[in-house]
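Notes for the one structure printed next.
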Amino acid sequence: MIDIKGVHKSFGAHHVLQGVNMKIAKGESMVIIGGSGTGKSVLLKCILGLETPDAGSILVYGQEADQGDRDAFLARFGMLFQGAALFDSLPVWQNVAFRLLRGAGKLSKTDARDLAVEKLRRVGLRADVADKFPAELSGGMQKRVGLARAIAADPEIIFFDEPTTGLDPIMSGVINELIREIVVEMGATAMTITHDMSSVRAIADKVAMLHDGAVQWSGPIAKLETSGNPYLDQFLHGRAEGPIEAVR
Amino acid sequence: MQLIERSLGAIGAATLGFCTTIGRVILFALRATSHIFRPPFYGRELAQQLMQIGYFSLPVVGLTALFTGAALALQIYSGGARFNAEAVVPSIVAIGMVRELGPVLGGLMVAGRVASSIAAELGTMRVTEQIDALTTLSTNPMKYLVAPRLAAATLAMPVLVAVGDTIGIMGGYLVGTNRLGFNASAYVQNTTDFLQFQDIASGLAKAAVFGFIVALMGCYHGYNSGRGAAGVGRATINAVVSASVMILAANYILTEAFF
């Protein structure tokens with residue numbers, strides 16, 4: 001479904017992605033792990049067309065990501081951003097229903113609001129949150145609103161960029177459970193970027209470890225602990241010694 | 001020898017950087033302007049920006065014009081008295097305000113207020129990934145964020161300047177009649193007799209161009225803001241400085257054109 005072949009991306013002299021290859025099957029939940037600055041978010045942005053790869057190809061349902069009808073392509077995706085990326089000037093319900101208030105499948109304001117409230121309930125928020133502004137919400141609530149926005153248009157593919165960063169362990173657990181439930185319930189394909197190993201264990205069907213601009217290990221979650229891959233082992237156990245250079 | 005090479009290299013790099021930036025700004029302006037005329041149109045955003053840029057700038061533009069008109073009347077009276085030409089105060093205040101000071105000072109005040117606000121808002125949206133979020137929600141940020149601001153500033157500035165001109169002339173009138181001893185009806189008569197349609201039209205045309213420049217600089221620097229609070233801060237400073245310099249440069253070019 002998502003087929004990434006030999007993707008390269010550099011920013012000036014900094015080569016972030018150096019030939020990333022990855023396949024994600026329909027309905028699969030892939031979690032990409034790796035240290036900070038290893039290009040996980042850049043890879044995700046390349047798939048969405050927010051960054052243009054220097055080389056390689058990204059196929060989604062057999063179609064090149066940067067070709068064809070852009071709106072139709074993006075309509076397949078939902079995304080939860082690291083900081084939720086809610087629009088400050090809009091109330092919560094308009095954030096959730098943003099896509100539904102515009103474009104080809106535009107709904108009436110009343111219908112869009114009802115649907116937004118339903119999605120907010122789905123992520124555990126009460127209806128009275130709908131009329132608040134993002135700045136009035138806690139970090140955990142903002143993540144939930146971001147999650148509600150990501151699923152509002154029932155996308156086929158959902159991206160989660162560091163879904164638990166900045167949250168306390170209990171809220172992280174709640175968000176992880178919600179993501180897993182929603183992905184299973186919707187039958188969506190999911191791609192998650194995280195450093196949080198509790199998220200990996202809660203969300204993943206498959207895991208890919210990104211380092212030095214390439215996938216160092218990829219496999220099912222069941223084989224995570226027994227991979228024998230030195231990069232993965234060092235990352236999992238948080239060791240300073242190993243093939244991943246730790247800057248002190 | 002090495003010092004000369006390094007100096008020439010630095011000058012070359014700065015020149016290339018300057019030309020690259022000019023090219024980027026022109027491409028940005030063309031892309032954004034094309035979105036103003038192509039559907040979908042975001043009427044609600046345009047109305048909001050008309051309020052933000054136009055209506056909420058009225059106090060600062062009005063006060064600037066009032067004090068400028070008043071000071072201008074005193075200066076012209078003082079200068080005119082040297083060759084017995086005190087009677088020109090009403091007409092020169094009106095012409096000076098309408099052709100030059102109204103649009104330029106209004107433009108500079110709006111540059112300070114609006115370019116900074118647009119750059120800070122879009123810069124924050126860039127840093128917090130709200131602009132990326134718009135794209136993933138099938139909404140073109142140039143069309144949703146930039147085009148309404150450009151259109152609103154270009155439409156609102158002439159109205160703002162027209163109001164500012166009127167207030168500035170009123171400032172001159174108040175000083176002329178209360179401080180300089182002009183007869184009220186003679187002052188008004190003198191103002192309207194010598195003011196021509198071309199004076200007003202050239203001032204309003206300037207205002208539209210200045211409005212476009214203010215919004216363009218705010219949007220360009222905010223949209224391309226660097227990372228973090230420092231990046232947003234730099235974008236805000238660059239927006240105000242470049243808008244102000246461009247307004248003064250455009251003012252000379254337009255004055256030559258209307259001369």
Side-chain angles (χ1 to χ4, degrees), chain A residues 11 37 41-42 44-52 65 69-90 94-106 109 134-135 139 142 145-146 149-153 155 157-162 165-166, chain B residues 13 16-17 20 27 31 35 38-53 56 117-149 152 218-219 222-229 231-232:
Chain A
F11 295 96
S41 295
V42 172
L44 214 140
K45 287 182 177 181
C46 283
I47 300 171
L48 286 166
L50 298 173
E51 297 285 356
T52 311
D69 182 353
R70 189 99 189 101
D71 283 351
F73 175 79
L74 287 169
R76 289 181 156 163
F77 291 88
M79 174 147 179
L80 171 60
F81 284 84
Q82 189 174 342
L86 301 176
F87 307 124
D88 306 320
S89 56
L90 300 178
Q94 286 190 29
N95 265 282
V96 174
F98 192 88
R99 197 199 290 265
L100 308 168
L101 288 164
R102 289 158 185 85
K106 185 179 172 180
K109 265 196 167 181
Q142 289 188 13
V145 174
R149 184 174 69 182
I151 62 169
I157 306 161
I158 313 176
F159 287 170
F160 303 98
D161 187 3
E162 312 262 9
T165 299
Chain B
L16 279 176
T20 308
L27 286 176
R31 272 179 66 203
H35 282 296
R38 285 187 286 150
F41 302 109
Y42 294 108
R44 190 164 160 264
E45 278 65 35
L46 178 64
Q48 268 178 355
Q49 292 307 320
L50 281 170
M51 285 296 285
Q52 283 292 331
I53 297 170
F56 292 125
S117 143
I118 292 176
E121 188 181 2
L122 296 197
T124 306
M125 288 186 78
R126 167 66 70 199
V127 169
T128 56
E129 296 185 302
Q130 290 178 52
I131 292 182
D132 286 343
L134 274 175
T135 307
T136 64
L137 293 165
S138 305
T139 301
N140 186 330
M142 288 293 273
K143 191 174 278 298
Y144 184 76
L145 296 173
V146 179
R149 283 167 173 78
C219 289
Y223 198 85
N224 297 298
S225 165
R227 287 183 175 185
V232 177

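Proteins get letters first, then strands, A, B, ... in listed order; numbering begins at 1 in each.
- Side chains of A:Phe81 and B:Thr136 form a contact here, defined as non-hydrogen atoms less than 4.5 Å apart.
- Distance check, rounded to the nearest 0.5 Å: OG1 of B:Thr135 to CE of A:Met79 gives 11.0 Å.
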Next on the checklist: Test side-chain hydrogen bond (donor to acceptor under 3.5 Å, both in side chains) on B:Ser138 and A:Arg102; report intermediate values, then the result.
Outcome noted: CA-CA 9 Å; B:Ser138 305; A:Arg102 289 158 185 85; over 6 Å; no

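- With values rounded to the nearest 0.5 angstrom, B:Glu121 atom CD is found 8.0 Å from A:Asp88 atom CG.
- With a 4.5 Å cut-off on non-hydrogen atoms, B:Thr128 touches chain A through its backbone but not through its side chain.
- For A:Arg70, the CZ atom sits in a packed shell: over 12 heavy atoms of surrounding residues, nucleotides or ligands are nearer than 6.0 Å.
- Proximity to chain A is absent for every atom of B:Ile131, based on heavy atoms less than 4.5 angstrom apart.
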Next on the checklist: For a ring pair (Phe, Tyr, Trp, His ring centres under 6.0 Å) check, start with the C-alpha distance between B:Tyr144 and A:Phe87, then their side-chain angles and the critical distance, and finish with the verdict.
Outcome noted: CA-CA 12 Å; B:Tyr144 184 76; A:Phe87 307 124; 7.2 Å; no

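- B:Arg227 CZ: 12 or fewer foreign heavy atoms inside a 6.0 Å radius.
- For A:Asp161, the part lying under 4.5 angstrom from a heavy atom of chain B is the side chain only.
- In this structure, A:Gln82 and B:Glu129 approach most closely via the heavy-atom pair N-OE1, 3.9 Å.
- Distance CG/A:Asp71 to CG/B:Leu137: 11.5 Å, rounded to 0.5 Å.
- Taken from OG in A:Ser89 to CD in B:Gln52, the straight-line distance is 10.0 Å, to the nearest 0.5 Å.
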